[in-house]
Visitor: 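Could you have a look at this structure, given as structure tokens, before my questions?
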Amino acid sequence: MKGEKKKVKLIKVNLDKCIACRACELACSAFHAKPKYSSINPARSRIRLVMDVLNDEYVPIRATEYTKSECVGRQIFTINGKEYSECSFCGASCPSRDLFREPDSGLPLKCDMCEDELGHEPKCVKVCTVGALVYEEYEEEVNEEVKEKEKQIALEMGLKSLLDKYGAQRLLDNFVRMSRKG
Amino acid sequence: MRCAETGYNLEIDLSRGSIERVETDPRLTELHLGGQGTAAKIIWDRVPPETEPFSPDNLIIFSSGLLNCTPVPGANRCIVNTISPQTNLFVNSMLGGYFGTEMKYAGYDRIIIRGKSPNLVYLWINNDKVEIRDASHLQGKGAMETQGILQAELDASAQVAAIGLAGENRVYGASIEHASSAAARMAGVVMGDKRLKAIAIRGTKDINVAHPIELWGLCEPKYKSIADDPENGDPMRLDPSNDAWHMENFAWGNARERRRGYFTEDVYKNDVTTTDKARLRWVGCYNCPKMCKQMLELEDGRKFFTKCFNRLIYMMAAYVEDFSFSYEMLARTTQYGMDGFATPQLLAFAVELYEAGVLTNEDLPDFPADNAERFFYLLDITVRREGFVGDALADGVYWAARKIGRGAEKYDHNTTKKVEQVPLKLGKVNFPYYLMYATGEKMSITQIEGSYPQAPEPDLEKRKKLVEGWEAAPERFKKWFLEWEPRVDPSIEESVNITDWNEMMHYVDDSIGTCAWLSSFRGQFGCRPAYHMYNLPEFISYASGFELDTDKLWKIAARNRTLVRAINNRRGLRRIDEAPPADHWKIREHEKEQAYLDGYYAFKGWTNEGIPTKETLNKLGLDYVSEDFIQRGILTSDGGEIREG
């Protein structure tokens, strides 16, 4: 079955090339300020350089999904003799920490690849002159069968969680009410 | 709404334990542009000449440059000002890295520290929450080690500036260390005297800019153009030919000997292999695409950063022909918190005193025979003020020579205004340099020189090419440079103008926080600095909202420069103090030098004693200085000078 194509956007990170200038954070916060570029604040940036200058560790992390609860992952990684929790390099905006939350409101932040900047690479990449961040775009064929199957699985998972939470009768009542409204 | 700046100072009194957040007057920023300019005004107002450097009333001010935290690439400097116990004069010092920017994100343009704590303390500034905390657990800890301990205790994202053992022991050459950067030139000793071990900052606030689209439009292309431009950044970062130049033209030992032809193939290999093996990474400062500093790691895991030419200078000062010795010294001095410019000179001076018999085995028990071991020995006793010699050396070359006596004074041949200078010993007087050494108040030529080339370009075609794209230069300098032939002294008019332009650019950088490697120091090599008097007004205006053009910017720089001079005049600085090291040049022309100095004072509108006249001061809006000068009898009531006798 012939599938449609979708554009995949990607930022590749080369940790070895990072020079710790944090221009990525500055540019991101400027771009997402309202009005655009009117203020700078790395705490609002959707990319953060997690760094330990004294141990030569610099890891740019982009904000991914919002999660309303902490995950159960509690693995400990040892890199060059120093221990890191699984959280250390996670991009999720989650209740366990302040990272990727608006400093004032606490609302979650998520990288949007600077989408309203049509035809341009994201700002963090633009100002990363050393190539630690590299933007890539490619087209991926979407297999319709797989897509349909994925949709069905997502639907069933959603319904199952609603059934578990509210019970069949309440779910049905609401479904009927909302269907009538059109 | 304030733009580019936060509009607040953080005032700390360590004697009382008080902490205040004080709103500032925006007009002061328009007059001085923040950074060192505004700090000089505060020191003028609040540190009268009667205040001794070690008095609790002395201030130490950490200022964030006006353009820090705006999108202007390379603006990140934190300027540190105080009054030095070594000179009794104004201190010009600065940090790169992230400290100045974090301060601003925490909501402060500067931290003003007065008083003296009874016990060792550190400051923890977490946005609006500011605490003076006990630092007894940090006593004796290394300056870098302290940064790591506080980050682990407080917040991994906190930025920390700390002194090491040298600062704690009030060693005059103590530095303040932060990440890849260090505040040298006599700042750490005052921090130590105030019993302030460290300042840790975490900031998550906004910095606003006045004309966002315009400023971003100017800055975005600048990242790439600066990154790609070989005429910007530190040329010493990885260029063996540059190492060769410094090792063959700067003097070895106690600033005594130039070693032409030293940098052989073997030295080159030692340089490259030792450094490559130790290097973990090249790094930049905040929001700068240049990577001027490198982190090195020794085999035992100790890590440190190299900056500028400090990786060459220890081996040269000690006559130890191995780069790994310099790296060992850097690993130790970074933790001790010792100035990379003054320390090698100080230790070489002590070795020379020993070799000359001025210091004996009685003064230095078990003094080693090996040059490297001697440096380690002397460093340790200096940092700990151990014994008579250690205690004397801890006050720097000038005072050590006088404390030791026994003829030690004549070995103090490379200080100006009581401060150790780069070990340069040259042939014939270079008159603009004579003026910069003589009249400079930043105590290091690297903080004064920089916009106009040091020497003429012999090839006329190359000269023309340099001048053609020289956007940084006012027209008159282009003409002078085009006409400047080898072995011809620039005239008095040219020399005073060159000195003036060079120093003005530094005064601009020190206010707005831009790195000298992109502007004030860099133009002299290649004539293509990223920032200069003609493009900076636009950056500053777009960021701050102040209306500014080149003339106004020049006037602000002149105001700041004059205010620093006035602070020092009031503390006793006069013409007699304005002399380069006596043997800086082999052949001196005293009469001609004095004529140039007269010319410089006249150009600046200063009296024959080097004091700005009432007219000069008032033209710069420094009426309060002229009034004070007249009241104190530094100027006569008609604005002229009072002559001694």
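Lettering follows sequence order; numbering is per chain, from 1.
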Visitor: Supply the atom-to-atom distance B:Y286 OH to A:E25 CD, rounded to the nearest 0.5 angstrom.
Guide: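 Between B:Y286 OH and A:E25 CD, I get 6.0 Å after rounding to 0.5 Å.
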Visitor: With respect to chain B, which residue among A:A23, A:S29, A:S38 yields the maximal number of heavy-atom pairs within a distance under 4.5 Å?
Guide: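 If we count pairs closer than 4.5 Å to chain B, A:S38 comes out on top.
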Visitor: By a 4.5 Å heavy-atom criterion (distance strictly below it), what part of B:R202 contacts chain A: side chain, backbone, both, or neither?
Guide: side chain
Visitor: Can you tell me how far the CG atom of A:N55 sits from the NZ atom of B:K303, to the nearest 0.5 Å?
Guide: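 Separation between the atoms: 5.0 Å.
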Visitor: Can you tell which part of B:E214 gets under 4.5 Å to a heavy atom of chain A, answering side chain, backbone, both or neither?
Guide: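 The answer is neither part of B:E214.
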Visitor: Among B:K290, B:M291, B:R281, B:E297, which has the most heavy-atom pairs under 4.5 Å with chain A?
Guide: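 Of the options given, most contacts go to B:R281.
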Visitor: Under 4.5 Å heavy-atom distance to chain A, tell me which part of B:T101 shows up: side chain, backbone, both or neither.
Guide: neither
Visitor: Inspect the surroundings of NZ in B:K141 and state if more than 12 heavy atoms from other residues, nucleotides or ligands are less than 6.0 Å away.
Guide: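 No, not enclosed.
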Visitor: Short question: side chain of B:N208, backbone of A:S39 - any donor-acceptor pair under 3.5 Å?
Guide: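 Not a single qualifying donor-acceptor pair exists.
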Visitor: Can you tell which part of A:A20 gets under 4.5 Å to a heavy atom of chain B, answering side chain, backbone, both or neither?
Guide: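 Looking at A:A20, backbone and side chain both touch chain B.
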Visitor: If you tally heavy-atom pairs under 4.5 Å against chain B, which of A:V130, A:T129, A:D56 wins?
Guide: A:D56
Visitor: Do other residues, nucleotides or ligands put more than 12 heavy atoms under 6.0 Å from the OH atom of A:Y166?
Guide: no
Visitor: Counting heavy-atom pairs under 4.5 Å with chain A, which one of B:P289, B:G97, B:A227 comes out on top?
Guide: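 So the answer, after comparing B:P289, B:G97, B:A227, is B:P289.
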Visitor: Take a 6.0 Å sphere around CZ of A:F77 and say whether it holds more than 12 heavy atoms from other residues, nucleotides or ligands.
Guide: yes
Visitor: Sort out for me which of A:C18, A:G81, A:C128 touches chain B most, counting heavy-atom pairs under 4.5 Å.
Guide: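 The option with the most such pairs is A:C18.
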Visitor: Where do A:L54 and B:M295 come nearest, in terms of heavy atoms and distance?
Guide: O-CE, 3.7 Å
Visitor: A:P35 versus chain B, heavy atoms under 4.5 Å apart: side chain, backbone, both or neither?
Guide: neither
Visitor: Taking atom NZ of A:K149 as the centre, report whether more than 12 heavy atoms of other residues, nucleotides or ligands fall under 6.0 Å from it.
Guide: no
Visitor: So, for B:V209 and A:Y37, which heavy atoms are closest and what is the spacing to 0.1 Å?
Guide: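 Smallest interatomic distance, heavy atoms only, reads CG2-O, 3.3 Å.
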Visitor: Can you find a pair of side-chain heavy atoms, one from B:V283 and one from A:Y58, that are under 4.5 Å apart?
Guide: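 Yes; the side chains approach each other to less than 4.5 Å.
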Visitor: More than 12 heavy atoms of other residues, nucleotides or ligands under 6.0 Å from CE of A:M157: is that the case?
Guide: no
Visitor: Are there more than 12 heavy atoms of other residues, nucleotides or ligands under 6.0 Å from atom CG of A:D104?
Guide: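 For A:D104, atom CG is crowded (more than 12 foreign heavy atoms under 6.0 Å).
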Visitor: Distance check, rounded to the nearest 0.5 Å: A:L26 atom CG versus B:N76 atom CG?
Guide: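 Here the rounded value is 11.0 Å.
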Visitor: Report the distance from atom CG of B:N287 to atom SG of A:C24, rounding to the nearest 0.5 Å.
Guide: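 Spacing of CG (B:N287) from SG (A:C24) equals 10.0 Å.
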Visitor: To the nearest 0.5 angstrom, please state how far the CD1 atom of A:I19 sits from the NZ atom of B:K293.
Guide: 11.5 Å
Visitor: Heavy-atom pairs under 4.5 Å with chain A are the metric here; pick the option from B:Y105, B:F304, B:F305 that has the most.
Guide: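 The residue among B:Y105, B:F304, B:F305 with the greatest pair count is B:Y105.
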Visitor: For the CD atom on A:E140, are there more than 12 heavy atoms of other groups (residues, nucleotides or ligands in this structure) within a distance under 6.0 Å?
Guide: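 Above 12, so yes.
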Visitor: How far does CD1 of A:I40 sit from CG of B:N68, to the nearest 0.5 angstrom?
Guide: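 Answer rounded to 0.5 Å: 12.0 Å.
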Visitor: How far apart are the closest heavy atoms of B:C288 and A:C21, and which atoms are they?
Guide: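 Shortest heavy-atom separation between B:C288 and A:C21 comes out as O-CB, 3.3 Å.
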Visitor: Run the side chain to side chain contact (heavy atoms under 4.5 Å, CB included) check on A:V53 and B:Y98 step by step: do they pass?
Guide: CA-CA 11 Å; A:V53 171; B:Y98 316 96; 4.0 Å; yes
Visitor: Does any heavy atom of chain B fall under 4.5 Å from the side chain of A:A27, the backbone, both, or neither of them?
Guide: both
